[in-house]
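Notes for the one structure printed next.
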Amino acid sequence: MDLTEAPHTRLFIILAVTTAARMSAILDLTWDRVNFVDRTIDYLPPGRHKTNKGRTVVPINDRAFAALQTAYNARQTNHVIEYGLKPVKNVKKSLKNAGERAGVHCSAHIFRHTAGVWMAQANVPMEKISQYMAHSTVTVTERHYARYSPSYMRDASDALTW
């Protein structure tokens with residue numbers, strides 16, 4: 001068995017990395033907000049008031065799509081992340097245990113941060129990363145992720161040639 005041991009933890013990790021969503025958004029996700037036709041996930045539930053912790057609609061990539069299809073076919077509740085016929089309320093313990101088995105520190109937020117870093121390393125524009133991660137401003141995104149972009153400050157470096 002892989003380091004995650006449980007299918008719900010594995011699905012959580014896949015969604016956390018591929019959608020850059022916060023733990024609460026992933027655990028709140030219900031199947032009616034997963035659009036398999038348009039390949040999108042709407043992390044903002046109807047009627048939820050807007051907070052500083054933004055939620056958004058994100059595209060589903062191939063890896064997440066396959067994992068979601070498998071989970072959908074095995075679903076027993078209306079929540080995407082479920083275990084024992086109930087929605088999962090927290091994955092901190094299972095992530096901590098997986099991290100211990102792997103010999104690394106592991107938390108839900110690390111996967112969100114990893115997603116942001118990978119997008120920056122792929123030179124995805126900061127505006128898109130900001131939208132994808134539902135940051136309140138692009139400045140927030142730049143503060144955390146611009147330094148990971150290979151093109152960050154390239155023009156400044158290029159200006160220092162003679």
Side-chain angles (χ1 to χ4, degrees), residues 4 8-69 71-72 78-81 87-92 94-96 98-99 102 104-162:
T4 59
H8 71 282
T9 305
R10 183 177 190 281
L11 180 59
F12 175 87
I13 292 169
I14 290 169
L15 292 178
V17 173
T18 63
T19 69
R22 292 177 176 85
M23 179 176 66
S24 59
I26 296 169
L27 296 180
D28 288 346
L29 184 62
T30 52
W31 287 112
D32 60 323
R33 291 182 285 122
V34 176
N35 186 327
F36 285 103
V37 175
D38 293 339
R39 292 179 66 131
T40 59
I41 294 174
D42 184 352
Y43 277 115
L44 185 61
R48 182 179 189 271
H49 70 283
K50 188 173 172 89
T51 66
N52 288 340
K53 302 294 183 186
R55 295 188 181 189
T56 190
V57 177
V58 294
I60 301 171
N61 72 13
D62 291 341
R63 183 177 189 121
F65 189 78
L68 285 165
Q69 283 183 314
Y72 184 80
N78 64 336
H79 278 78
V80 174
I81 307 295
V88 173
K89 301 235 184 275
N90 199 316
V91 292
K92 288 179 183 177
S94 60
L95 292 177
K96 181 178 181 269
V104 296
H105 172 71
C106 188
S107 72
H109 193 74
I110 284 175
F111 298 113
R112 177 173 164 80
H113 182 66
T114 297
V117 168
W118 287 355
M119 286 186 280
Q121 287 175 333
N123 273 323
V124 173
M126 289 293 126
E127 295 80 13
K128 282 188 178 181
I129 296 172
S130 182
Q131 237 182 343
Y132 201 89
M133 298 184 78
H135 285 159
S136 55
T137 66
V138 175
T139 305
V140 171
T141 310
E142 289 172 340
R143 186 176 337 128
H144 294 286
Y145 300 107
R147 67 182 173 268
Y148 297 105
S149 174
S151 62
Y152 179 62
M153 295 198 299
R154 175 68 50 206
D155 56 343
S157 175
D158 291 346
L160 302 175
T161 60
W162 65 89

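Residues take their numbers from the sequence shown, with the count starting at 1.
Between atom CG of residue N90 and atom OG of residue S24 there is a gap of 10.5 Å, rounded to the nearest 0.5 Å. In this structure, NE2 on H135 lies 11.5 Å from OG1 on T56, to the nearest 0.5 angstrom. Atom OH of Y148 sits about 9.5 Å away from atom OG1 of T114, to the nearest 0.5 Å. For the atom pair T19 OG1 and L68 CG, the distance stands at 9.0 Å (nearest 0.5 Å). Within the model, atoms CZ of F111 and CH2 of W118 stand 9.5 Å from one another, a figure rounded to the nearest 0.5 Å. Taken from CG in L95 to NE2 in H105, the straight-line distance is 10.0 Å, to the nearest 0.5 Å.
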Side chain to side chain contact (heavy atoms under 4.5 Å, CB included) between I81 and L29, intermediate numbers included: CA-CA 7 Å; I81 307 295; L29 184 62; over 6 Å; no
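By the 6.0 Å contact criterion, CD on E142 is enclosed, its count of non-hydrogen atoms from other residues, nucleotides or ligands being greater than 12. Other residues, nucleotides and ligands place more than 12 heavy atoms under 6.0 Å from the CZ atom of F36.
Taking both residues in full, the closest heavy atoms of F12 and A108 are given as CZ-CB, 3.8 Å, listed atom of the first, atom of the second, then distance. What you find for Y43 and A25 is that their closest heavy atoms are CD2-O, 3.5 Å. Here the shortest heavy-atom pairing between I60 and N35 reads CD1-O, 4.1 Å. Counting all heavy atoms, side chain and backbone alike, L15 lies closest to A64 at CD2-CB, 4.3 Å.
The salt bridge (Lys or Arg N to Asp or Glu O under 4.0 Å) contacts involving residues 117-132 comprise nothing, where partners must be two or more places apart or lie in separate chains. For residues 24-35, the pairs satisfying salt bridge (Lys or Arg N to Asp or Glu O under 4.0 Å) are D28-R55, with sequence neighbours left out. Here salt bridge (Lys or Arg N to Asp or Glu O under 4.0 Å) pairs that include residues 34-47, with residues two or more places apart or in two chains, are R39-D62.
Every residue meeting the side-chain contact (heavy atoms from CB on, under 4.5 Å) condition with R63, not counting sequence neighbours, appears here in chain and number order: R10, I14, N61. Under the side-chain contact (heavy atoms from CB on, under 4.5 Å) criterion, A20 pairs with A115, M119, Y132, M133, not counting sequence neighbours. Looking at residues two or more places apart in sequence or on another chain, you find a side chain to side chain donor-acceptor pair (under 3.5 Å) between S130 and T141.
For the pair T161 (side chain) and D158 (backbone), a donor-acceptor distance under 3.5 Å is present.
Ring planes of H113 and Y145: tilted class, angle from 30 to 60°.
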